[in-house]
Each structure stands twice: as C-alpha cells, then as structure tokens.
Amino acid sequence: MFGMSVFQSVLERLKSEEETEDPAAAEPMRVAAPYAPALDNALAAESVGAAAFGTVERAYLDAAFVEPPPPPVMPDYLNRTSLSEVAEELALADGETQMTLATKRRAFAALNHPDRLPAAFRANATMRMKLANMLIDEAAQQMRAINPTP
C-alpha cells in the first residue's frame, strides 16, 4: 500500500474485501410476502414504486386542473401618475434635511418600486418613481443652494 494514493489504497482494500466475502452473503435475501407467496421483494418494491408514481401523477393532474388565480388588481395609488399627485404624496416641505429626504425616498420606493410589483403595474410604478426621484433631487439641490456645506 506504500506508494499508492489514498484513493488507490481504499480501492485495493475494497477489492480484497469483496474477494474474501462469503458468496452466499452477497445474494439478496428473498422473503415472500405473506399475502402472495409468488411475490418477492423485488416485485413488491416495483409495485410500491408504481403506486408512488401514480401518486405523483395524480398530484400533477390535480395541479393542472386548479383554476389560475385571478389577475392582480392595480391599487388606486399607482394610477396617480401626475407630477402634482406624486408631489402631494411626498409632502415635501421647506425645512427638509438630507436625512428626511432620504427617508421619504425609501418609504416611497418601498411601495412603488417596479421590481416589487407585478409586471402589469410596472409602467405606472416606473413613472411614479421617476417623478418622486426628480422631486426629491430638486428639493435636495435647493437645500444645498440655501445651505452650502463648507
């Protein structure tokens, strides 16, 4: 076993164990089922497998005949896509800080981000996010113009 890799030595050990095993012990033990002496374990295993396959088939068929869920209904707020409506929702005031603007942006995105909504609503959500980002960016720019950082 010297000069061999670990894998090769394991293979050699397994081969030597196979050669020394009792041939009678290598045969699978056959036990007849009490209700049908002609059936052995292999046939019983096949019938159990067939029963399981039938169960799987039945589950697929049951799933295929389930009515699809109704299409999602667009929330009312997603229909408000004008600049004035989005500005009203954001409720931007004169005394906003960078922190309050960031908080308002995150809160608005949590409800309106297109990636979080069904595909049918994404166009409206994208429009609302563009408008909100534009309004918040303008407010931040005005805030920086009034209070320049040193």
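Just so you know, these numbers come straight off a predicted model, no measurement behind them.
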Around atom CD of E88, are there more than 12 heavy atoms from other residues, nucleotides or ligands closer than 6.0 Å? no

In the hydrophobic clustering (ILVMFWY, side-chain contacts below 4.5 Å, transitive), which residues join I136, or is it alone? L83, V86, L90, L92, L101, F108, M127, M129, L131, M134, L135

Residue pairs, two or more places apart or on separate chains, that pass salt bridge (charged side-chain N to carboxylate O under 4.0 Å, His left out) and touch residues 117-132: E89-R128

Report the residues that fulfil side chain to side chain contact (heavy atoms under 4.5 Å, CB included) with I146, sequence neighbours left out, ordered by chain and then residue number. none

Which ILVMFWY residues are connected to Y77, directly or by a chain of links, through side-chain heavy atoms under 4.5 Å apart? M74, L78, L111, L117, F121

Could you work out, with side-chain hydrogen bond (donor to acceptor under 3.5 Å, both in side chains) as the rule, every residue matching Q142, not counting sequence neighbours? none

By side-chain hydrogen bond (donor to acceptor under 3.5 Å, both in side chains) - contacts of T81 (at least two apart): none

Who are the side chain to side chain contact (heavy atoms under 4.5 Å, CB included) partners of E85, not counting sequence neighbours? R80, S82

Which salt bridge (charged side-chain N to carboxylate O under 4.0 Å, His left out) pairs, counting each pair once, include a residue from residues 92-110, with sequence neighbours left out? E96-K104, R105-D137

Quick one: salt bridge (charged side-chain N to carboxylate O under 4.0 Å, His left out) partners of R116, sequence neighbours excluded? none

Can you name the residues that form a side-chain hydrogen bond (donor to acceptor under 3.5 Å, both in side chains) with T103, not counting sequence neighbours? none

